[in-house]
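The structure under discussion appears below in the form of structure tokens.
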Amino acid sequence: MARWDRNRSNEVPDWFWNAIESPTATHVVEIEDGDVVYRTWDGKGGSSVLFLHGMFAHSRWWDFIAPHFAERYKPVALDFTGMGDSDHRYEYSVDTCVDEILGVADHAGLQDTTILVGHSFGGRMATKLISLYPNRFAGLVLVDSGMRAPGEPERNYMQSMPGTGRSKIYPTRDEAEARFRLFPPQPCENPFVLKHIAKNSVEPVDGGGYTWKFDPDLPLTFKDSELQEADYRSLNLPVAVIYGANSNSYTTTTNEHMATLVPEPFRSVAIPDAGHHVFLDQPTLFVAELRKTLSWIEEVRAK
């Protein structure tokens, strides 16, 4: 949103403007022949928090969240390839995403005290990473991300994604932004949040028009997207879940199952009046709970 939007709107809270106007730096690292873009905020702490977005999303989803942690940490957020401003690939896999997280962490100089915060798809990729590299990071916060209980209806994560292999092109930026929708579908009562994300989710097309930044072939070419119970059982560091009380993707039954899968220490909290996109629905509550969760992880590690 432009500066004039701020002057004309009394419905957008000051905390949101202060967050999205926080200075950031953009970086690029080449990983497996593809450029991966990530962003950093100036932080005053010695530890870092690496934010991982969901499917079809990008690092700008964290613009109004990450700066709240700069007083104590160095916040970092990446764009997985096929999304945001990172390169598109001919095919994608969990292993490639793992390499991208590691590559960004190494390029940014993030130490083993870094805590991963992954929403949905990002949480799944972080889980796989830690199952393979158990000593690289200090803690994991899954945001509405986990494995459903046996017998609980399981959504086929990749096949249910929108996408036909063709990019939808809109004649104007305004028309493209107006077509922005959340996936999985859900309402959101913070239109200023959606407007900000939409503005950073489209790009111009050679020859005219605008399209979404994500690769339309992504849902068709992603390999080995499913995790196994063993991936969660192998986690050997503090794990926490923050989920939406109204989420259809991560339910109380899912959480009960996760508590049996993930070795102690395990912490979970449901955010009221929030769905799958919990930090879009209740950003201030989410920030408060994430602060508590990060402190809990540090306390556990200090014992």
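Atom set for the values below is all heavy atoms of this structure, side chains included, hydrogens, waters and symmetry mates excluded.
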For this session: Report yes or no: does Gln111 contribute a side-chain atom to a donor-acceptor pair with the main-chain N or O of Thr113 at less than 3.5 Å?
Result: no
Exercise. Ala274 and Gln282: which non-hydrogen atoms are nearest, and at how many Å?
Worked result: CB-CG, 4.0 Å
Seminar exercise, completed: For Trp15, the ring pair (Phe, Tyr, Trp, His ring centres under 6.0 Å) test, sequence neighbours excluded, returns His68
Exercise. Would you say Tyr92 and Asp217 make side-chain contact, with heavy atoms under 4.5 Å?
Worked result: no
For this session: Could you list who else is in Val28's hydrophobic cluster, with ILVMFWY side chains joined at under 4.5 Å, directly or through other members?
Result: Val37
Exercise. Does some side-chain heavy atom of Pro67 sit less than 4.5 Å from a side-chain heavy atom of Pro75?
Worked result: no
For this session: List in chain and number order the residues that pass ring pair (Phe, Tyr, Trp, His ring centres under 6.0 Å) with Phe69, two or more places apart in sequence or in another chain; answer none if no residue qualifies.
Result: none
For this session: Answer whether the closest heavy-atom distance between the side chains of Val278 and Ser247 falls below 4.5 Å.
Result: no
For this session: Report yes if the side chains of Met258 and Phe266 come closer than 4.5 Å at any heavy-atom pair, otherwise no.
Result: yes
Exercise. When rounded to the nearest 0.5 angstrom, what distance separates OG in Ser120 from NE2 in His277?
Worked result: 7.5 Å
Exercise. Does any donor atom in the side chain of Asp174 or Tyr210 lie under 3.5 Å from an acceptor atom in the other side chain?
Worked result: no
Problem set entry | Close side-chain approach of Leu78 to Ser59, heavy-atom, < 4.5 Å | no
Problem set entry | Sequence neighbours excluded, every pair satisfying salt bridge (Lys or Arg N to Asp or Glu O under 4.0 Å) that has a member inside residues 270-281 | none
Exercise. Can you name the nearest heavy-atom pair linking Arg136 to Leu110, along with the distance?
Worked result: NH2-O, 2.9 Å
Problem set entry | Within 6.0 Å of CD in Glu189, more than 12 heavy atoms from elsewhere | no
For this session: Please lay out, stage by stage, how Glu177 and Val202 fare under the test side-chain contact (heavy atoms from CB on, under 4.5 Å).
Result: CA-CA 7 Å; Glu177 292 173 8; Val202 299; 4.2 Å; yes
Exercise. After noting the C-alpha distance and the side-chain angles of Phe222 and Phe121, does the key distance pass the ring-ring contact (aromatic ring centres under 6.0 Å, His included) rule?
Worked result: CA-CA 12 Å; Phe222 200 101; Phe121 169 85; 5.5 Å; yes
For this session: For the pair Arg148 (side chain) and Pro153 (backbone), establish whether a donor and an acceptor sit closer than 3.5 Å, ignoring hydrogens and angles.
Result: yes
Exercise. For the residue pair Trp212 and Phe56, is the inter-centroid distance of their aromatic rings smaller than 6.0 Å?
Worked result: no
Exercise. Looking only at heavy atoms, what is the nearest atom pair of Pro263 and Tyr232, with distance?
Worked result: CD-O, 3.6 Å
Seminar exercise, completed: Residues passing the side chain to side chain contact (heavy atoms under 4.5 Å, CB included) test with Pro265, sequence neighbours excluded, are Pro238, Trp296, Val300
Problem set entry | Heavy-atom closest contact (Pro171 atom, Glu175 atom, distance) | CG-OE1, 3.0 Å
For this session: Mind listing the closest non-hydrogen atom pair of Met125 and Cys97 along with its distance?
Result: SD-CB, 3.6 Å
For this session: Verify the ring-centre separation between Tyr243 and Phe286: is it less than 6.0 angstrom?
Result: no
Problem set entry | Residues forming a side chain to side chain contact (heavy atoms under 4.5 Å, CB included) with Pro150, sequence neighbours excluded | Glu229, His257
For this session: Please go through Val205's hydrophobic cluster and name the other residues, only I, L, V, M, F, W, Y counting, with side-chain heavy atoms under 4.5 Å joining them.
Result: Ile169
Problem set entry | Close side-chain approach of Val141 to Leu116, heavy-atom, < 4.5 Å | no
For this session: With side chain to side chain donor-acceptor pair (under 3.5 Å) as the test, would you mind laying out the steps for Thr81 and His88 before giving the verdict?
Result: CA-CA 6 Å; Thr81 51; His88 294 184; over 6 Å; no
Exercise. Aromatic rings Phe16 and Phe64: how do their planes relate, parallel, tilted or perpendicular, breaks at 30° and 60°?
Worked result: tilted
Exercise. So with a 6.0 Å cut-off around CG of Asn248, is the heavy-atom count from everything else above 12?
Worked result: no
Exercise. Do Ser268 and Asn255 have side-chain atoms, one donor and one acceptor, less than 3.5 Å apart?
Worked result: yes
For this session: Kindly give the heavy-atom pair with the smallest separation between Arg233 and Thr260, and that separation in Å.
Result: NH1-O, 3.6 Å
Seminar exercise, completed: Residues at least two apart in sequence or cross-chain that pass ring pair (Phe, Tyr, Trp, His ring centres under 6.0 Å) with Tyr38, listed by chain then number, are His27, His107
Exercise. Under the 3.5 angstrom rule, does the side chain of Asn246 hit a backbone N or O of Gly275 as a donor-acceptor pair?
Worked result: no
Exercise. Knowing that exactly one of Leu52, Leu290, Thr293 qualifies, which makes a side-chain contact (heavy atoms from CB on, under 4.5 Å) with Val117?
Worked result: Leu290
Exercise. Quick one: are Asn236 and Asn135 in side-chain contact, heavy atoms under 4.5 Å?
Worked result: yes
For this session: Using only heavy-atom distances, determine whether the side chains of His58 and Asn200 contain a donor-acceptor pair under 3.5 Å.
Result: no
Problem set entry | Qualifying salt bridge (Lys or Arg N to Asp or Glu O under 4.0 Å) pairs, either residue in residues 74-99, two or more places apart | Asp85-Lys213, Arg89-Glu100
Seminar exercise, completed: Residue set satisfying salt bridge (charged side-chain N to carboxylate O under 4.0 Å, His left out) with Glu298, at least two apart, ordered chain then number -> Arg72
For this session: Measure the OG1-CH2 distance between Thr24 and Trp41 for me, rounded to the nearest 0.5 Å.
Result: 6.5 Å
Problem set entry | From NE2 (His276) to OH (Tyr250), nearest 0.5 Å | 12.5 Å
Exercise. Can you tell me how far NZ of Lys128 sits from CG of Asp224, rounded to the nearest 0.5 angstrom?
Worked result: 8.5 Å
Problem set entry | Electrostatic pair Glu299:Lys303 at N-O distance under 4.0 angstrom | no
For this session: Check whether the side chains of Thr251 and Glu152 place a donor and an acceptor atom closer than 3.5 Å, and report yes or no.
Result: yes
Exercise. Within a reach of under 6.0 Å around CD of Glu32, are more than 12 heavy atoms found that belong to other residues, nucleotides or ligands?
Worked result: yes
Exercise. How about Gln186 and Leu280: do any of their side-chain heavy atoms sit closer than 4.5 Å?
Worked result: no
Seminar exercise, completed: OG1 of Thr127 to CG of Leu227, rounded to nearest 0.5 Å, is 6.5 Å
Problem set entry | Arg179, CZ atom: more than 12 neighbouring heavy atoms under 6.0 Å | no
Exercise. Do side-chain atoms of Asn190 reach the backbone of Phe192 as a donor and acceptor pair under 3.5 angstrom?
Worked result: no
For this session: Taking Ser234 for its side chain and Ala230 for its backbone only, find out whether a donor-acceptor pair lies under 3.5 Å.
Result: yes
Exercise. How long is the gap from CD1 on Ile31 to CD1 on Ile101, to the nearest 0.5 Å?
Worked result: 9.5 Å
Problem set entry | Partners passing ring pair (Phe, Tyr, Trp, His ring centres under 6.0 Å) against His53 (at least two apart in sequence or in another chain) | Phe80
Exercise. Counting distance only, does the side-chain N/O of Ser145 pair as donor-acceptor with the main-chain N or O of Leu142 below 3.5 Å?
Worked result: no
Problem set entry | Residues in side chain to side chain contact (heavy atoms under 4.5 Å, CB included) contact with Gln228, at least two apart in sequence or another chain | Asp231
For this session: Indicate whether any N or O donor in one side chain lies under 3.5 Å from an N or O acceptor in the other, for Thr211 and Glu203.
Result: no
